[in-house]
Amino acid sequence: MARQGTPGRPPGPRGHWLTGNTRAYEADRIGFLRRCHREYGDVFSYDEQTVFVIDPDVTHQVLARTGESFVTELAPFDMRRDLDEAAEQAASWMSARRAVWPALNRSAAAASDRRTVEILDAVLADGAGREADVLTTMRAFTARAIAEYCLGADSGGVPALLHEVIDATKPFTDSSYEFPAWLPIPRHRHFFRAYRRLTDALTGIVRQRRTAHGRTPGSDLLGSLLVADPGMPDATVASTLHSILMGGHGVPAAGLTSVVWELARRPRLLGDLRAEANGPADGDAEPTAAATLSAARLPLAEAVVRETLRLYPPAWLMTRTARTAAELGGWSLSPGDDVLLNAYLIHRDPRWWQRPDDFDPTRWLHGRPAPGPAYLPFGAGPRVCLGSALALRQLTLATARLAQRFTVESPNAASVAPEFMGRLAPAGLRARFTPVGN
């Protein structure tokens, strides 16, 4: 828990005189953090400007103060660290969040159930019976699902641009080393090119939709943004779409990959999920149609998703930057200090969870199994993931549909391990999805 005492810099490993703790961290990220947690406690320093937090109450303090004492993670290679500008951008984003929230809440998300299932069916049918990389497959599904949710009939081409941005961002999330943006190295050029292509495409769609004569704004997320009151300029609408598209692509894809990992090792659970999805029907009845598969009637599927997100939260590290001098857990922070909140270790802490390393979906079938602050797969506070209700619903439906329509076989499920990079997922997991009855 939080330390009580005279404020000062949190303790931490000294590291190498030149490279600090970078080598030890890069060699085994989660192992390094576990060792530091045991030795230095819930709040510890990584270097002169970086602090890790592995305490649910302190984590919630940081998340609740985002926009005031803290700002969200700065852009890759943003070494100027203009905290006032970041705070202004955060204020603009909060205004956009309020406008878009009604189009992302539970009732709005429910309207997309049928299309979510249809997209999953189509993606899995393309490779049915063939071994494939699971993360790549799930990214194909989530990219199409979130693009159509946001842009409807105008979503063509956007999933490919999302993949391009994810690929361009990977070198930054895979490495602790930062280089100035002006350095003309390939990864910088790739990132700027991918980011600009997506931004230009979204801006073009927004302008075309707004100026189209004789058309209603549309029933998708873009349509909601275009009729928001007060109105938003095109650049703000495009920026809001960009944020939601990226969050609704990478995080659900990583989460669903971890779901597949668990199901590949638990055929009995797969069978239980199939029975739940089919519902009370005669043995010869056809599987429930996409039109009637409802997340509201899938308690086991939702429990499997929640438990998977507990053990393998895609956003396993959340970053905030201190905007002002602040006290945190009995320690002091300076403006510009980065605070890394570790959901993965909080979710596996025996102080908050019984049998924390066991995969046990039943713990979710009878209420919340741990204090609220100890479960944060989508963050918390004023900057909680805007699409959390949509993501949980899509993941639940996808889990049920996958179990209902396919068997899952993986040649390497027993040997792969989670990769603690950008979005936590089992590295290199491969599987074959074979239609039931084949």
Side-chain angles (χ1 to χ4, degrees), residues 63 93-120 141-142 144-152 155 217-225 227-228 240-241 243-256 259 273 276-277 279 288-310 313-315 343 361 363-370 372-373 375-402 404:
L63 295 174
W93 171 236
M94 290 303 294
S95 176
R97 283 172 63 96
R98 287 189 289 272
V100 78
W101 178 253
L104 286 168
N105 61 25
R106 292 183 180 181
S107 58
S112 69
D113 283 359
R114 176 172 183 165
R115 187 57 187 149
T116 295
V117 172
E118 290 174 346
I119 292 171
L120 180 68
F141 159 61
T142 59
R144 285 185 57 183
I146 192 61
E148 288 199 18
Y149 191 90
C150 290
L151 303 168
S155 62
S219 59
D220 48 32
L221 183 63
L222 174 55
S224 298
L225 290 173
V227 297
T240 302
L241 289 170
S243 297
I244 294 170
L245 285 163
M246 292 305 300
H249 175 212
V251 169
L256 195 51
V259 168
L273 288 167
E276 177 183 75
T288 304
T292 58
L293 192 63
S294 169
R297 298 193 295 271
L298 300 168
L300 179 58
E302 181 176 330
V304 167
V305 168
R306 289 186 180 277
E307 181 71 348
T308 301
L309 295 178
R310 182 187 71 82
R363 72 173 85 223
W364 296 96
L365 294 177
H366 306 288
R368 184 177 290 274
Y375 187 66
L376 53 159
F378 299 108
R383 291 297 296 268
V384 66
C385 175
L386 187 58
S388 57
L390 175 63
L392 183 61
R393 193 172 192 94
Q394 288 182 336
L395 288 172
T396 299
L397 282 168
T399 297
R401 188 62 164 183
L402 193 155
Q404 181 185 47

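Across Ala389 and Asn105, no two heavy atoms sit closer than the pair CB-C, 4.3 Å. Between Ile119 and Ala145, the shortest heavy-atom distance links the atoms CD1-CA, 3.7 Å. Scanning all heavy atoms of the two residues, the minimum distance from Ile244 to Cys150 falls at CG2-SG, 3.9 Å. Minimum interatomic distance between Ala343 and Ala315 (heavy atoms only, all atoms of both residues): CB-O, 4.0 Å. Between Tyr375 and Arg306, the closest heavy-atom pair is OH-O, 2.8 Å. Closest non-hydrogen pair, Ser224 versus Ala103, comes out as OG-CB, 3.5 Å.
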* Start with the C-alpha gap between Thr142 and Val251, add the side-chain angles, then the distance that decides, and say whether side-chain contact (heavy atoms from CB on, under 4.5 Å) holds. => CA-CA 9 Å; Thr142 59; Val251 169; over 6 Å; no

* Asked: Can you list the steps and then say if Leu221 with Leu151 is a side-chain contact (heavy atoms from CB on, under 4.5 Å)?
  -> CA-CA 7 Å; Leu221 183 63; Leu151 303 168; over 6 Å; no

* Starting from the C-alpha separation in whole Å, work towards a yes-or-no answer on side-chain contact (heavy atoms from CB on, under 4.5 Å) for Ser112 and Leu390. => CA-CA 9 Å; Ser112 69; Leu390 175 63; 4.1 Å; yes

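The CD atom of Glu302 sits 10.0 Å away from the CG atom of Leu397 when rounded to the nearest 0.5 Å. Taking CD of Glu148 as the start and OG1 of Thr116 as the end, the distance is 9.0 Å to the nearest 0.5 Å.
Using a 4.5 Å heavy-atom threshold, the side chains of Leu104 and Tyr149 count as touching. Looking at Phe141 and Leu256, their side chains come closer than 4.5 Å, going by heavy atoms from C-beta outward. The side-chain heavy atoms of Thr308 and Thr399, taken from C-beta on, include no pair separated by under 4.5 Å. With a 4.5 Å cut-off on side-chain heavy atoms, Glu307 and Trp364 count as touching. Contact annotation: the side chain of Asp113 approaches that of Arg393 to within less than 4.5 Å [non-hydrogen atoms, C-beta and beyond]. Using a 4.5 Å heavy-atom threshold, the side chains of Leu298 and Glu276 count as touching. For the pair Leu309 and Pro314, the minimum side-chain heavy-atom distance is below 4.5 Å. Put simply, the side chain of Arg144 does not reach to within 4.5 Å of the side chain of His249, judged on heavy atoms.
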